[in-house]
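Worksheet for the structure shown next.
Just so it is clear, the structure is predicted and the values come from calculations on it, not from any experiment.
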Amino acid sequence: MDNAPVFAVVGHPNKGKSSVVATLSQNDAIAIALEPGTTRQRQAYPLTVDGRTLYTLVDTPGFQRPRRVLEWLDAHSMSASDRAETVAAFVTQHRDDPRFTDECELLTPLVEGAGIIYVVDGSVPYSAEHEAEMTILRWTGRPSLALINSIGPDDYSSAWQAALGQFFQVVRKFDAVRAHFDQHLSLLRAFGQLEPTWESPLEQATGFLADQRRQRKIQAARLIAKALEDMMSYQEKRTLTTNQATETSEQALAETLRRSWYQHQRRREQTLRVSVEHLYQHKRIQRQEAELEWHSDHDLFSEDSRRAWAVSRRYLATAGFGAGAVGGAGIDALTFGSSLGTGALVGGILGAAGSYFYGDRLALPALKIGALRDGLKTATFGPVQDSQFGYVVLGRAVDHWWHISHRNHAGRDQLDLAPADSHWLENLDRKSRQDIQKAFDRCRKRKTPDDRQRVTFAAAIEQAMTVYDDWRLNRT
């Protein structure tokens, strides 16, 4: 994008500047530390979408000697009309002066034309040091916006609001770690009000970001659908010679294949999570359940996970009826309608009964050993025959997506995925329920879906993500 705005994020040391930059540039690689002085040089972070730079944030060191700087400016300015030039002269004259290294670093992008984002901590009182900082920034004459980013438990935001309003064109409260995406867009629109030449590029930027968010949700649904297809249809297989089949007990063979099958499923779920995190540009997340350990309370195959994410027997029955009715409709077609819909009805009842029967437990695969052929036997474990396994995977995947899609890039806390406490899928519409159940039935029969079926399955999962989002937002 031509003439993409540049904003210098400035303020007192250790008040959340880098957090604001990380969130607004969607970059979780930016160092955020409690120790003052983490940022020693200015660093530019452009936000790009499809190769277009929408805007650039410049992270800067904090003010170290604002009152000394202001004294110099007062001593060298003749009138209000030369204040911006006086600030530029200060930077030129003190560029190599170690006493003012940080001030020169933070003022340079302003001298070069950047807008000001002044960040303060609303949990600490306003002081004379801050007033000197704000006065210096006003002297630059650049468009300016102030953010009150409260870090601690105390609240001095009212006093800050009154003080900042005298120096800055726009003042907003903004929690860099927890602000929702809509608040990001609102902030960008506020930037556009500061400078007429920024209004159009920032309006385009909000449009690009909103579209990017919609596309990411669609892509995440496709990733989840592909993972479900892989996991529901996966089969662990071993080919044994006659001697191997004789020397190995069925129990030992079943245990070996079961372990491999479980391990594969856990790795596939982990791969899905990393793919979704990278889709949302989260590449450095620390996890509570680092390797999805077998004995973890929230392991994929634990009873805890089944209770949390499996759907109710009633839900299974209604979804199974729709899926079974589709199969029964084939009978009606073969009889050219003479069955008067009996095939669809019978198919629906059988589908519902099958799903209902397995509704209160998670039935995992069993070992199957084929007949001896050409001196070889084939042992298989899987695919899973219980659609509840698919709902457990789906619930965990959608929950993970929700946390990632709502996570700010300034967040450094561990990702801790607590299980749900109700059957959120009960709010899903009937067609989406049936489309998901039909996909699960195809997978456990190892039938490869065609393109249309894959699109339908992904669309149903996207709808499930919308339902989960509504459930989460109305629950908390």
Side-chain angles (χ1 to χ4, degrees), residues 7-40 57 59-64 66-67 102 106 116-135 137 144-168 170-188 190 282 284-288 402-418 421 472-476:
F7 304 103
V9 183
V10 300
H12 219 58
N14 201 31
K15 299 304 178 191
K17 298 189 299 299
S18 295
S19 296
V20 170
V21 174
T23 293
L24 295 180
S25 64
Q26 299 187 9
N27 188 335
D28 67 352
I30 295 173
I32 297 173
L34 297 177
E35 298 79 15
T38 302
T39 305
R40 302 310 307 269
L57 280 301
D59 198 7
T60 66
F63 280 103
Q64 297 295 332
R67 284 189 280 191
D102 288 354
L106 75 87
I116 298 169
I117 299 177
Y118 182 60
V119 181
V120 301
D121 180 1
S123 64
V124 299
Y126 168 76
S127 72
E129 288 279 310
H130 295 107
E131 187 158 332
E133 294 171 5
M134 292 188 284
T135 303
L137 294 173
S144 60
L145 177 148
L147 297 180
I148 303 173
N149 177 40
S150 294
I151 298 174
D154 296 327
D155 185 10
Y156 297 90
S157 54
S158 296
W160 273 110
Q161 194 99 30
L164 292 167
Q166 299 177 48
F167 292 87
F168 297 92
V170 176
V171 179
R172 291 281 182 93
K173 286 188 177 181
F174 187 77
D175 185 335
V177 176
R178 298 177 185 80
H180 189 268
F181 178 71
D182 290 340
Q183 293 174 278
H184 298 185
L185 298 188
S186 174
L187 197 58
L188 291 177
H282 289 289
R284 294 167 178 79
I285 288 180
Q286 297 182 18
R287 307 168 191 286
Q288 184 73 17
W402 189 86
H403 281 89
I404 294 302
S405 65
H406 286 78
R407 184 182 177 91
N408 283 347
H409 292 77
R412 297 295 187 267
D413 54 320
Q414 281 193 337
L415 182 64
D416 183 12
L417 303 178
D421 55 8
R472 270 280 182 182
L473 294 177
N474 290 325
R475 171 175 171 261
T476 56

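Residue pairs meeting the salt bridge (Lys or Arg N to Asp or Glu O under 4.0 Å) criterion with at least one partner in residues 176-186, sequence neighbours excluded, are D175-R178. For the salt bridge (Lys or Arg N to Asp or Glu O under 4.0 Å) condition, the pairs that include at least one residue of residues 119-129, sequence neighbours left out, are R67-E129.
Closest approach of S157 and K173 over heavy atoms only: OG-NZ, 3.2 Å. Here the closest heavy-atom approach between residue E133 and residue P66 is recorded as CG-CB, 3.7 Å. Nearest heavy-atom pair, A410 versus S19, reported as atom, atom and distance to 0.1 Å: CB-O, 3.4 Å.
Y156 OH to I148 CD1: the interatomic distance, rounded to the nearest 0.5 Å, is 14.0 Å. Distance check: L187 CG to I117 CD1 gives 6.5 Å after rounding to the nearest 0.5 Å. Rounded to the nearest 0.5 Å, atoms CG (L188) and CZ (F7) are 7.5 Å apart. Note: R172 CZ to L164 CG = 13.5 Å, rounded to the nearest 0.5 Å. Note that CD1 of I30 and CZ of R284 are 10.0 Å apart. Values are rounded to the nearest 0.5 Å. Between the CG atom in N149 and the CH2 atom in W160 there is a gap of 12.0 Å [rounded to 0.5 Å].
Using cut-offs of 30° and 60° on the angle between ring planes, the pair H12 and H130 is tilted.
Side chains of F168 and I116 form a contact here, defined as non-hydrogen atoms less than 4.5 Å apart. Taking the side chain as every heavy atom from C-beta outward, I285 and R407 approach each other to under 4.5 Å. Here the side chains of F63 and L106 are in contact, with some heavy-atom distance below 4.5 Å. The side-chain heavy atoms of F174 and L24, taken from C-beta on, include a pair separated by under 4.5 Å.
Between the side chain of D102 and the backbone N or O of P61, no donor-acceptor pair lies under 3.5 Å. A donor-acceptor distance shorter than 3.5 angstrom exists from the side chain of T60 to the backbone of V9, with no hydrogens or angles considered. Side chain of N408 to backbone of A176: a donor-acceptor contact under 3.5 angstrom is found.
Qualifying side-chain hydrogen bond (donor to acceptor under 3.5 Å, both in side chains) partners for D154, counting only residues two or more places apart in sequence or in other chains: none.
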